[in-house]
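One-based numbering, in listed order, for ligands and for the atoms of each. Index from 1, following the sequence.
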Amino acid sequence: MKSFYITTAIDYANGSPHLGHAYEKVLTDVVARFRRLMGDDVYFLTGIDEHGQKVQQSAAKRGIEPIELCDEAAEQFKELCSSLNISNDDFIRTTETRHKDVVRKILQDLFDRDEIYKAEYKGFYSARAEQFLQEKDMVDGKWPEIFGEVTEITESNYFFKLSKYQDWLIEHINSHEDFIFPRFRAKQVLEFLKEPINDLCISRPKERLEWGIPLPFDEEYVTYVWFDALVNYISAIGYGTSDFDKYWPVNYHVIGKDILLPPHSVYWPIMLKAIGVEVPSSLLVHGWWSINGDKMSKSTGNFIEPSEFVKEYSVDALRYFLIREMSVGQDSDFSDELFTNRYNSDLANDLGNLLNRVLTMTPRYCGDTFPARTIDEEPEKELEAAWSNTESKVVELYEEFQFHKGLELAFSFIRSINRYAEQRSPWKLAKSEDQKDKETCATALSLMAESLRRAVGLLEPVMPETTARVYELLGYKSDASWLERIKPSDALTGAKVGEKVILFPKPQQEKK
Ligand code: MSP
C-alpha cells in the first residue's frame, strides 16, 4: 500500500474556529478521503499552535494560565473537526511532550553544528506579528497597521543560518515543479528570493515572552513560535524514531496563501535541509474566503460560525458548498444567498428530488425491491453515454485537486438522470396496460436508481454521510473498492427499496 501523508496548518490557539479554518480542514479531508478510497495508506494530521505572545497576552487578560486557554482552544478545534466529519488520524498540540522534545532535539543538533549562533540584534519589533521588521516592510515611511505598535529594541538573540541555504532553495524550487501548487505561487516565492534573505532570529528572551519552548542550550530564551510550530509536521509522526520513515516525506502540507511566504516556503524547507531530512513533496496552497465581499472579522461581525450552518443544514451541505464553490488556490466569497442558492438548486432539487422520485415511484409501480432492466433503447443509451463521460473525468479532476469541477460534472450527470426520468415518465408508463410499457417503466426506475448509486459514489470524498445514507436507502452493500463501486453494475436488482426520506429539506420543510 502506498503511504500518503497530509497535514493542515495548525491553528492559533488564541482565536476561535471560523470558516477559513473549516475550509482548510474540509479540503484536506476531501483529499485524505479520496486517497483512502484510491487505496492509499493515509495519515492525516491536524492540530493547534499553542505557544507565543498572543496566547500569553490573551490568557493574562482573562486572568488564567496560558495552558488553560490552550486546553479550551484544543477542545473547540477538536469539536470543529468532529462537527465537520474530519477523518484526521491525529491531532497535535504544540504543548505536548512528544512535540517539545523534538523541537529541543533539533535546536540542540543545529546549535552543535554551528547552524545556530548568538548575536546582538538591534531592530524594529512588532509585538502583534511577533517578529522583527525591516525598513522595507514600511509603506510610505510608516509601519502598516497589521504590525500594530512597532518599537526599536536591542537584544541578544540566537539566529539560524537561513541565508546560507538561499541558493540551494532557489535551485530546489526551480527543479521541483510540483513543490508548490498552484504553480503561480512558486513564482511569488522565487520573486521573494531575488532579494537576499536574512538569518532567522529563532529565540525570544524570557523576560519578554515566557510561553514557549525553552532553548536547550540557553534556558533564558524560548523558541520563536514559527520555528516551534513548523516542527509539528515531523514531531507528530515520530521524528528520531524508526516510525518516522513510514510517512515522511509528507505528500502535501495544505496551507493558506498567507503562510506560504516565508514560513512554509523558506523557513521550513531550509530547516529540514539543515537537519538532513527530505523536504516536503508539495505545498498545497489555498486561497482565502471573504464574507459578503469583506475580510472576515469577529469584531465587525463579518464572521461565520461553521457550526451554525452544520446545525441549520447539515455537515454535508456545508462541505459541499465549500468544495463546490472554491477553486483550489483561488479566493472565494461566502454569502447566505450563495449558500442557499446552491443548497436549494443542487442538493434539495437535483439530488434530493431524484432520490425522492426513486424512493416514491419504485414501490408504487414495481413493488418493494428494485426491478431488473430489460429494455435498452435510445434514452438508456444516452444516459449510459453521459455516465461514461463522467466517471473517469471526475476521478481525474479529483487527482488534480479540481474538486469543484469534479462536483460540477457529477451534478451535471445527476441532472441527466432527472432528464431521463422526465423523458421516460414512469408515472405515465405505469398507467398503461401494455407489457412493453410496463417493462420500460421498470427499466427506467431501475436505471434511475443505479445511476443515482454511481453518482453518489462519486460524491463520497466530499459528502461521505450522504453517500452512505443513499447506499442504505437503495439497499446497496458492497465490500468492493471505491473504483469498483462507482462502476456500472446490477447490484441493486432485487435490493430492498428504503423508506422515503427528505435528505436535504428546504429550511421550512420537515425531514419526513
Ligand atoms: N498557526 C499558524 C499556522 C502554523 S502551521 C505550522 C496560523 N494559524 S491561523 O489560525 O491563523 O491559520 C490557520 C490556517 O487557516 C492557515 O492556513 C490560514 O491560511 C487559514 N485561514 C485563516 N483565515 C482564512 C480565510 N479567511 N480563508 C481561508 N483560509 C484562511 O497561521
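Residue pairs meeting the side-chain hydrogen bond (donor to acceptor under 3.5 Å, both in side chains) criterion with at least one member in residues 75-84, sequence neighbours excluded, do not occur.
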For ligand 1, find each of its N or O atoms that sits under 3.5 Å from a protein N or O atom, and tabulate the pairs with distances to one decimal place.
unit_1, atom_1, unit_2, atom_2, d
ligand 1, 1 (N), I10, O, 2.7
ligand 1, 1 (N), D49, OD2, 2.7
ligand 1, 10 (O), Y12, N, 3.1
ligand 1, 10 (O), H21, NE2, 3.1
ligand 1, 17 (O), E24, OE1, 2.5
ligand 1, 17 (O), G256, N, 2.9
ligand 1, 19 (O), G256, N, 3.4
ligand 1, 19 (O), D258, OD1, 2.5
ligand 1, 19 (O), W288, NE1, 3.3
ligand 1, 26 (N), W289, O, 3.1
ligand 1, 27 (N), W289, N, 2.9

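Using modelled atom types, one finds no donor on one side chain facing an acceptor on the other under 3.5 Å when comparing D228 with T223. Inspection of the W143 and D137 side chains reveals no N or O donor paired with an N or O acceptor under 3.5 Å.
With sequence neighbours left out, Y233 forms a ring-ring contact (aromatic ring centres under 6.0 Å, His included) with H253, H264, W268. For R208, the salt bridge (Lys or Arg N to Asp or Glu O under 4.0 Å) partners two or more places apart in sequence, or in a different chain, are E155.
In this structure, F181 has its ring center under 6.0 Å from that of F401.
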